[in-house]
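Everything numeric here is computed off the predicted structure, so don't read it as measured data. No hydrogens, no waters, no symmetry mates; every other heavy atom, side chains included, goes into these values.
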Amino acid sequence: MPGERRAVTPWKFMAATALLWGSAFPAIRIALEGYSPTAMAVGRLVFALVLLLPCVFTGRISRLRRGDLVRMAGFGVTGMTAYQLLLYAGERHVEGGTAAMLVATSPVFATALGMLVLRERPGAWGVAGLVVALSGALVVATAGGDGGGSYSGMAMIVLAAAAQATSFILQKPLLRRYSGMDCIFYGSLFGLVPLLVFTPDAATQLIAADWQQTAAVVWLGLACTVLAFCTWSRVLAAATASTSSLVLYAVPVAALALDAALLGAVPGLMSGVGGLIVLAGVALAAFRRPAPPTPSRAVACGGPPTDSRAGAVADTGADTGERKAAPAGARGSSGR
């Protein structure tokens with residue numbers, strides 16, 4: 001039937017999204033040479049908000065309802081503030097590729113929170129995927145001395161994944177009334193509020209940092225936050241949820257490749273094996289529900305909030321909307 005035909009799979013937008021989100025991890029490592037985690041978070045959110053201001057003036061950002069104020073603030077604080085601070089602090093001691101593999105556990109945390117908070121029933125596939133992915137994260141963590149990084153750094157990144165998953169759960173009801181771009185703008189705005197006290201320090205570091213480090217912060221805000229969400233929305237508009245999920249599985253691969261190419265950092269063998277187990281667990285969890293027969297509702301230049309940025313969530317708070325088996329983002333970050 002004509003209504004069942006689907007547009008050509010948007011491979012170029014899928015590749016662009018994976019590369020943009022994957023690039024967040026080496027960019028963080030570069031920026032950390034001149035910026036503290038708090039200053040980086042301030043800079044990233046400020047640059048993202050500046051880029052979105054024209055959308056506010058042209059009416060493309062919806063007005064926030066008073067009844068949604070608390071939930072949107074919670075989404076911003078968990079998905080933008082907590083996620084970024086924990087991820088940046090963790091990457092001080094963990095290579096970018098290893099960090100990307102650990103952030104990939106975010107959808108599993110979202111699945112668990114969906115069970116506890118939203119009373120969702122993921123079924124046997126979801127539970128099995130949760131166990132497998134967390135086992136992979138444990139393998140990555142225990143390989144800390146094998147080029148992966150310190151245990152404390154890995155613990156902070158796992159907590160960042162949990163914070164991102166919490167933001168997915170908070171954002172899910174909001175996407176019934178707001179576009180992805182609305183959530184990016186208000187989430188960044190609320191996420192910036194707790195960081196305002198660090199603004200003078202961020203300004204001082206901006207003056208002292210070299211251009212490569214500042215360019216990395218700008219890249220995080222403009223490319224890994226706003227531009228990546230625009231390409232992500234194009235993917236969601238044209239592809240099935242199961243096809244879209246390939247982007248999320250590709251992010252750690254892109255992060256590993258870029259980390260090796262730009263910084264010469266290659267994780268150890270056990271870290272790599274653990275990362276593959278994490279991705280297998282996420283894929284297993286995403287497999288538990290069939291993809292919907294029609295394309296997901298497109299969002300205007302919107303999508304998941306994080307750098308991370310990272311992972312697939314099946315109807316458990318995917319921050320791209322009310323989509324069965326739709327992947328969420330890492331996060332990135334809210335950055336990923």
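- In terms of heavy atoms, Ala41 sits closest to Gln84 at CA-OE1, 3.6 Å.
- Atom CG of Leu20 sits about 5.5 Å away from atom CH2 of Trp219, to the nearest 0.5 Å.
- Cluster annotation: Val158 and Leu85 are assigned to the same hydrophobic cluster (Ile/Leu/Val/Met/Phe/Trp/Tyr, side-chain heavy-atom contacts under 4.5 Å, transitive).
- Taken together through direct or relayed side-chain contacts under 4.5 Å among Ile, Leu, Val, Met, Phe, Trp and Tyr, Val50 and Tyr186 form part of one hydrophobic cluster.
- Leu263 and Val251 fall into different hydrophobic clusters, where Ile, Leu, Val, Met, Phe, Trp and Tyr are joined by side-chain heavy atoms under 4.5 Å apart, directly or via other members.
- Taking the salt bridge (charged side-chain N to carboxylate O under 4.0 Å, His left out) definition, one finds that Arg177 meets it with Asp68, sequence neighbours left out.
- A donor-acceptor pair under 3.5 Å is absent between the side-chain atoms of Ser167 and the main chain of Phe75, judged by distance alone.
- Counting all heavy atoms, side chain and backbone alike, Leu19 lies closest to Leu258 at O-CD1, 3.9 Å.
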* Mind running side-chain contact (heavy atoms from CB on, under 4.5 Å) on Leu69 and Phe190 for me, showing each step along the way? => CA-CA 10 Å; Leu69 185 63; Phe190 283 115; 3.3 Å; yes
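- Between Leu49 and Phe185 the shortest heavy-atom distance is CD2-O, 3.6 Å.
- In this structure, Ile184 CD1 and Leu189 CG are separated by 13.5 Å, a value rounded to the nearest 0.5 Å.
- The heavy-atom pair separating Leu102 from Ile157 by the smallest distance is CB-CG2, 3.7 Å.
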* Test side-chain contact (heavy atoms from CB on, under 4.5 Å) on Val217 and Leu206 and set out the steps. => CA-CA 10 Å; Val217 176; Leu206 176 63; over 6 Å; no
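- Side-chain atoms of Gln212 never come within 3.5 Å of backbone atoms of Ile30 as a donor-acceptor pair (strictly under, hydrogens ignored).
- Clustering of Ile, Leu, Val, Met, Phe, Trp and Tyr by side-chain heavy atoms under 4.5 Å joins Val77 with none of the others.
- A distance-only check finds a donor-acceptor pair linking the side chain of Arg29 to the backbone of Glu91 [under 3.5 Å].
- Closest of all the heavy-atom pairs between Ala254 and Gly22 is CB-CA, 4.3 Å.
- Leu86 and Val197 sit in two unconnected hydrophobic clusters of ILVMFWY residues. Membership requires side-chain heavy atoms under 4.5 Å apart, directly or through other members.
- Between the side chain of Tyr178 and the main chain of Leu64, no donor-acceptor pair closer than 3.5 Å is present.
- Between Thr204 and Asp201, the side chains place no donor N or O within less than 3.5 Å of an acceptor N or O (distance only, hydrogens not considered).
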* Tell me, with the steps shown, if Tyr35 and Thr214 meet side-chain hydrogen bond (donor to acceptor under 3.5 Å, both in side chains). => CA-CA 8 Å; Tyr35 290 87; Thr214 300; 2.7 Å; yes
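- In this structure a side-chain-to-backbone donor-acceptor pair under 3.5 Å is missing from Gln205 to Ala202.
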* To do: Step by step, work out the side-chain contact (heavy atoms from CB on, under 4.5 Å) result for Met72 and Cys183.
  => CA-CA 8 Å; Met72 187 69 83; Cys183 290; 4.2 Å; yes
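- Under the 4.5 Å side-chain criterion, counting only non-hydrogen atoms from C-beta, Phe25 is in contact with Leu87.
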* side-chain contact (heavy atoms from CB on, under 4.5 Å) evaluation trace for Arg92 with Ser36 -> CA-CA 9 Å; Arg92 279 179 159 178; Ser36 65; 4.1 Å; yes
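- With hydrogens and angles disregarded, a donor-acceptor distance shorter than 3.5 Å links the side chain of Asp182 to the backbone of Ser179.
- Under the 4.5 Å side-chain contact rule for hydrophobic residues, Leu227 and Ile28 do not share a cluster.
- The two residues Leu220 and Thr225 come nearest to each other via the heavy atoms O-OG1, 2.8 Å.
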